[in-house]
Amino acid sequence: MSTPQSPLHLARRRAVQAVAATGAATLLLVGCGSSGSSDKASSDKGSPSAATTAAAGSPAAGDKRTVKDATGTAVEIPAEPKRIVTLTQEDLDAVLALGLKPAGITNGQGLNEPPAYLKDKVQGIPVVGNLLQPVMDKVIAAKPDLILAGDMQDQQVLKQLREITPATLVTMAPTDDWKLSFRGIGNALNKLEQANKVIADYDAKAVKAGGELGANKGAAVSIVRWNPTGPSWMEKKQFASGVALDMGLTRPKAQDKDGNAHTPALSLEKINEIDGDWLFLSTLTDDGKAALKDVQSKPAYQELGAVKNNHTVTVDGSVWSTRGGPLAADAVIGDIGKALAAK
């Protein structure tokens with residue numbers, strides 16, 4: 001009598017069958033397949049733009065490129081990926097910003113659905129799991145030829161994904177900013193030149209929008225996520241903080257700290273740390289929303305200068321509290337401009 005096989009074993013076997021049938025965060029090109037351009041790539045070694053140019057053109061079906069992912073691992077990928085699965089909203093944001101439509105996506109951070117700011121762009125695309133928590137059978141069904149795995153650190157999950165397709169890339173390292181990760185994804189998709197243009201357009205838009213803030217030009221903005229246990233303010237290199245700085249805004253003195261993370265939740269005794277000329281508040285869960293609503297009636301909150309001046313703005317946590325991408329950055333610029341230019 002044969003031993004019953006576990007669902008995971010069956011999923012792995014189906015993964016292999018599906019494949020048979022069908023920082024270093026910049027993901028730099030380290031070699032080419034049969035496109036005939038490897039000599040050019042070697043002569044321009046060290047130049048991402050030159051490397052991408054070398055692999056550009058109209059590759060034949062089956063052509064491959066080799067890139068290094070955010071862990072420094074060399075991965076062979078299709079020269080022109082056709083069925084891309086994204087495991088984070090940052091990967092999804094990047095793919096959409098480059099004009100491509102993924103074959104599978106995951107839900108947004110803290111959500112059981114895609115992030116609201118991308119929802120109209122992902123109608124009809126299969127959801128293959130939650131953020132960095134793919135359901136393997138659903139990934140297999142998407143028939144990916146490239147998986148963008150965000151900052152996935154679970155080696156067991158990565159192993160399973162690479163059984164589905166060896167072309168599985170970790171696209172961001174813990175300290176990478178969104179522009180670096182986006183350029184890497186652009187190179188992996190053979191669209192580095194386009195990615196660089198998207199960033200240049202963003203930079204110009206941020207400067208222009210910051211110059212249109214009138215009396216609020218250069219204002220000190222506090223960027224806070226409200227958790228069930230209290231508020232956390234974002235450090236200067238965190239995504240939304242970086243967008244604000246690109247617009248020429250500043251941070252309150254208490255928040256003038258380098259880093260790309262957020263503080264531990266603050267007690268009411270330290271709530272003055274979240275004050276600023278303007279206070280942007282986000283939540284990610286219903287518990288966080290309830291905690292924010294509860295504190296808004298308390299004297300410690302009401303005594304904040306931003307609250308007294310009616311300078312508080314509620315924003316989407318799935319945009320402001322994430323690692324970001326060009327479409328999210330555009331949304332943050334819009335939120336800041338709408339709030340500050342109106343005063």
Side-chain angles (χ1 to χ4, degrees), residues 108-111 115-117 205-206 209-257 259-324 328-343:
Q109 181 174 339
L111 304 173
Y117 80 103
K205 182 173 184 177
E212 296 173 345
L213 298 180
N216 285 309
K217 186 176 180 180
V221 296
S222 174
I223 300 175
V224 174
R225 184 174 79 193
W226 215 282
N227 310 296
T229 52
S232 297
W233 52 263
M234 303 295 171
E235 295 173 338
K236 287 169 60 177
K237 292 182 180 178
Q238 182 270 344
F239 163 64
S241 301
V243 175
L245 295 178
D246 287 344
M247 294 177 69
L249 296 166
T250 60
R251 299 301 300 280
K253 185 176 181 180
Q255 300 178 25
D256 192 19
K257 179 181 178 182
N260 63 350
H262 56 78
T263 65
L266 303 173
S267 65
L268 280 178
E269 288 74 22
K270 293 186 176 181
I271 198 172
N272 62 302
E273 288 188 24
I274 73 168
D275 207 358
D277 296 333
W278 285 85
L279 173 56
F280 288 87
L281 294 168
S282 69
T283 59
L284 280 172
T285 65
D286 289 339
D287 288 345
K289 292 178 183 177
L292 174 58
K293 184 177 181 180
D294 177 66
V295 81
Q296 285 173 329
S297 63
K298 298 185 182 300
Y301 179 86
Q302 295 177 345
E303 286 299 312
L304 295 173
V307 175
K308 287 182 176 180
N309 292 325
N310 195 29
H311 284 183
T312 62
V313 185
T314 301
V315 291
D316 183 352
S318 70
V319 174
W320 281 67
S321 296
T322 63
R323 298 183 64 163
D330 189 65
V332 172
I333 290 174
D335 288 342
I336 293 174
K338 182 178 179 181
L340 273 63
K343 298 291 183 180

Spacing of [X] atom [atom1] and [Y] atom [atom2] [to the nearest 0.5 Å]:
| X | Y | atom1 | atom2 | answer |
| --- | --- | --- | --- | --- |
| K205 | D330 | NZ | CG | 3.0 Å |
| N216 | M247 | CG | CE | 10.5 Å |
| I223 | H262 | CD1 | NE2 | 13.5 Å |
| D335 | Y117 | CG | OH | 12.0 Å |
| D275 | N309 | CG | CG | 8.5 Å |

Write down the atom of [X], the atom of [Y], and the distance for their closest heavy-atom approach.
| X | Y | value |
| --- | --- | --- |
| V319 | A328 | CG1-O, 3.6 Å |
| R251 | A220 | C-CB, 4.0 Å |
| A339 | V313 | CB-CG2, 3.7 Å |

inquiry  = Quick test of your reading: applying salt bridge (Lys or Arg N to Asp or Glu O under 4.0 Å), list the pairs with at least one residue in residues 300-309, sequence neighbours left out, ordered by first then second residue.
reply    = E303-K308

E212: side-chain hydrogen bond (donor to acceptor under 3.5 Å, both in side chains) partners, not counting sequence neighbours = K208

Compare all side-chain heavy atoms of [X] with those of [Y] and state whether any distance is below 4.5 angstrom.
| X | Y | result |
| --- | --- | --- |
| F239 | V332 | yes |
| H311 | L279 | no |
| Q255 | V221 | no |
| L249 | L213 | yes |
| I336 | W278 | no |

request  = Would you please test V243 and I333 for side chain to side chain contact (heavy atoms under 4.5 Å, CB included) and show each step?
outcome  = CA-CA 7 Å; V243 175; I333 290 174; 3.7 Å; yes

ask   = Just by distance, with hydrogens left out, do D316 and S318 show a side-chain donor and acceptor under 3.5 Å apart?
value = yes

Atom pairs and distances, donor-acceptor, side-chain atoms in residues 226-235, under 3.5 Å, two or more places apart:
residue, atom, partner, partner atom, Å
N227, OD1, R225, NE, 3.2
N227, ND2, G230, O, 3.1
N227, ND2, S232, OG, 2.9
S232, OG, T263, O, 2.8
W233, NE1, E273, OE1, 2.9
E235, OE1, N260, N, 3.3
E235, OE1, A261, N, 3.1

ask   = Does NZ in K289 sit with more than 12 non-hydrogen atoms of other residues, nucleotides or ligands closer than 6.0 Å?
value = no

query = side chain to side chain contact (heavy atoms under 4.5 Å, CB included) between L304 and I274: does it pass, once the steps are laid out?
reply = CA-CA 8 Å; L304 295 173; I274 73 168; 3.8 Å; yes

ask   = T250 side chain to A219 main-chain N or O, any donor-acceptor pair under 3.5 Å?
value = yes

Test item: Q238 side-chain N/O and W320 main-chain N/O as donor-acceptor pair under 3.5 Å = yes

